Amino acid sequence: MHVRNLSKENSILNRFISEIRDMDIQKDSMRFRRNIERIGEILGYEMSKTLRYRAKVVTTPLGNFDTYDFDNSIVLCSILRAGVPLHNGLLNYFDTAENAFISAYRHHKAHPENFEIVVEYLSCPDLSNKTLILADPMLATGQSMLATFEALQPFGVPKNIHLVSVIGAQEGVDFVSTKFPENTHLWIASIDDTLNDKGYIIPGLGDAGDLSFGKKLQK
Ligand code: URA
């Protein structure tokens, strides 16, 4: 897997990442969602450099302009609900993409550290020969990313796979590296060292879904 951790370079991206981690700034959920969206736009921009480009001519009111445009058919798949702001950011740039949504959540068993990923809802177009972007803001254990990929199998074999995440744990990055095809790309804004016993990224940012959309009742 090709891993590109964008926080390794100094850029404005690191300000957006520190704002989503900051407990005080997090209280403004509109800013939290917008920052995730901005991060999605930056990750999408970097990813766009690896697409396949073809020459094209654009006609202006005063003449012709020779340029290049990508011709990949993109399917953007996100995991509900935390993935929605990241999805929006990517869709702002890949505005002609088709879209897939999946609900995958952690079902905790007797011990908090034991959970299985339950997939309940999935809507997806045909994936055959397309460029699949799989977006999950928090790449903690990597189990949701894998469960999503497995659930997408009946929809066809994509030509390229790009995983997009905001914050990951090294363990989750290592896990997906062993489970996805070798030529998969991972575009990630920051990688932290550890997970706690509940599978949360440390220091991470907390619960991305709650911070975007409010606390949920645990059932
Ligand atoms: N999901 C989150 O929202 N946060 C984590 O740290 C891990 C998974």
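Keep in mind it's a predicted model, so treat the numbers as computed, not measured. We count ligands from 1, going down the list as the structure has it; atoms in each ligand are counted the same way.
Results of the side chain to side chain contact (heavy atoms under 4.5 Å, CB included) test with L91 over I74, L86, L76 single out L76 as the only residue that passes.
Looking only at atom types and distance, the side chain of E19 has a donor-acceptor partner in the side chain of N35 under 3.5 Å away.
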**Prompt:** side chain to side chain contact (heavy atoms under 4.5 Å, CB included) between H2 and H162: does it pass, once the steps are laid out?
**Reply:** CA-CA 9 Å; H2 311 278; H162 296 271; over 6 Å; no

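In this structure Y45 satisfies the side chain to side chain contact (heavy atoms under 4.5 Å, CB included) test together with S48, K49, Y93, sequence neighbours excluded. Under the salt bridge (charged side-chain N to carboxylate O under 4.0 Å, His left out) criterion, D95 pairs with no residue at all, not counting sequence neighbours.
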Sub-3.5 Å pairs, protein N or O with ligand 1 N or O:
| from | atom 1 | to | atom 2 | distance (Å) |
| --- | --- | --- | --- | --- |
| ligand 1 | 3 (O) | A208 | N | 2.7 |
| ligand 1 | 4 (N) | G206 | O | 2.7 |
| ligand 1 | 6 (O) | I201 | N | 2.8 |

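Through side-chain heavy atoms spaced under 4.5 Å, either directly or across other Ile, Leu, Val, Met, Phe, Trp or Tyr residues, M23 is tied to no other residue.
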